[in-house]
Amino acid sequence: MERKRRRFSREFKIEAVRLTTEGGQSLSQVARDLGIRYSILGRWKKEFEQDHELAFCGQGHVQPEAEELRQLRRENEQLRMERDILKKAAAIFSKEFL
């Protein structure tokens with residue numbers, strides 16, 4: 001039997017993190033009260049502390065650094081392919097002139 005993955009709204013996540021920081025409750029207590037895993041709440045707290053505004057952007061919204069990294073990796077792969085093609089072409093042309 002397949003379990004459905006639960007999704008939580010940005011507001012829910014922020015409120016859960018606020019309960020641990022301002023509410024004076026421990027991470028494990030808040031996680032138990034909300035019915036979520038301790039590790040998930042810890043990850044939310046860490047993400048929120050790193051960047052309040054970009055935390056919990058939602059599905060499909062990538063943080064700018066991650067988007068830039070993805071774009072640079074794609075460009076790097078394209079440049080490698082072009083370099084390899086030019087190497088092969090140079091090898092072919094050098095054989096013709098010998």
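From a predicted model like this one, the values you see are computed outputs, not experimental measurements. Note: hydrogens, waters and symmetry copies are ignored here, and every other heavy atom, side chains too, is used.
- Residues forming a salt bridge (Lys or Arg N to Asp or Glu O under 4.0 Å) with E15 (at least two apart in sequence, or on another chain): R18.
- Residue pairs meeting the ring pair (Phe, Tyr, Trp, His ring centres under 6.0 Å) criterion with at least one member in residues 13-39: none, sequence neighbours excluded.
- The two atoms that bring G35 and R6 nearest to each other are O-NH2, 2.7 Å, heavy atoms only.
- With sequence neighbours excluded, the residues that form a ring-ring contact (aromatic ring centres under 6.0 Å, His included) with F12 are F8.
- Not a single side-chain hydrogen bond (donor to acceptor under 3.5 Å, both in side chains) links E11 to another residue, sequence neighbours left out.
- Partners of L86 according to the side chain to side chain contact (heavy atoms under 4.5 Å, CB included) rule, which considers only residues two or more places apart in sequence or in another chain, do not exist here.
- Scanning both residues, L27 and G42, for their nearest heavy atoms gives CD2-CA, 3.8 Å.
- Every pair passing side chain to side chain donor-acceptor pair (under 3.5 Å) that includes a residue from residues 21-30 is listed here, sequence neighbours excluded: S26-S28, Q29-R32, Q29-D33.
- Scanning for side chain to side chain contact (heavy atoms under 4.5 Å, CB included) contacts around Q71 gives an empty result, with sequence neighbours left out.
- Looking at K45, K46, E49, E47 one by one, the single match for side-chain contact (heavy atoms from CB on, under 4.5 Å) with V17 turns out to be K45.
- Sorted by first and then second residue, the side chain to side chain donor-acceptor pair (under 3.5 Å) pairs with a member in residues 79-93 read Q78-E82; sequence neighbours excluded.
- Closest approach of L41 and A31 over heavy atoms only: CD2-N, 3.7 Å.
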